[in-house]
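Here the structure is a predicted model, which is why all the values come from computation and not from measurement.
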Amino acid sequence: MKAFLMLCICSLLLSGCWSSRELNELAITVAVGIDKAEDGIIVTVQLINPGDIQAKTPTNGPSVTTFSIKASSVMEGLRKITTKSRGKFIFLIYEC
């Protein structure tokens, strides 16, 4: 009986869904652009719209959204864009 109770407790505590995030809560980044401006930089980020990609019927709108903002540093620009976008940025690994 103790073993069964311990197994039940362990299965509840060790489940893998504690930190799961839905796809529509993430901001999957496919492109980042950094341009020099006169008084700082312009950070441009292109994000995938997961709802448009997984839809069974085609939509008329674009499947990506582009945000641009002027900032004094890249991190400041990304923070400002995060407040406008729908979720936490997920940067894919890129090779140049």
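- For Val43 against Ile81, the heavy-atom pair with the smallest separation is O-CD1, 3.7 Å.
- Between Ser72 and Ile41 the shortest heavy-atom distance is C-CG1, 4.4 Å.
- Taking Thr82 as the reference, nothing meets the side-chain hydrogen bond (donor to acceptor under 3.5 Å, both in side chains) condition, with sequence neighbours excluded.
- Cluster membership check: Phe67 does not share its hydrophobic cluster with Ile42, using side-chain heavy-atom separations under 4.5 Å among Ile, Leu, Val, Met, Phe, Trp and Tyr.
- The list of salt bridge (charged side-chain N to carboxylate O under 4.0 Å, His left out) pairs with a residue in residues 68-83, not counting sequence neighbours, reads Asp39-Lys70, Glu76-Lys80.
- Smallest separation of non-hydrogen atoms from Gly77 and Ile69: O-CG2, 3.6 Å.
- Applying the salt bridge (Lys or Arg N to Asp or Glu O under 4.0 Å) criterion to Asp35, with sequence neighbours excluded, gives no partner residue.
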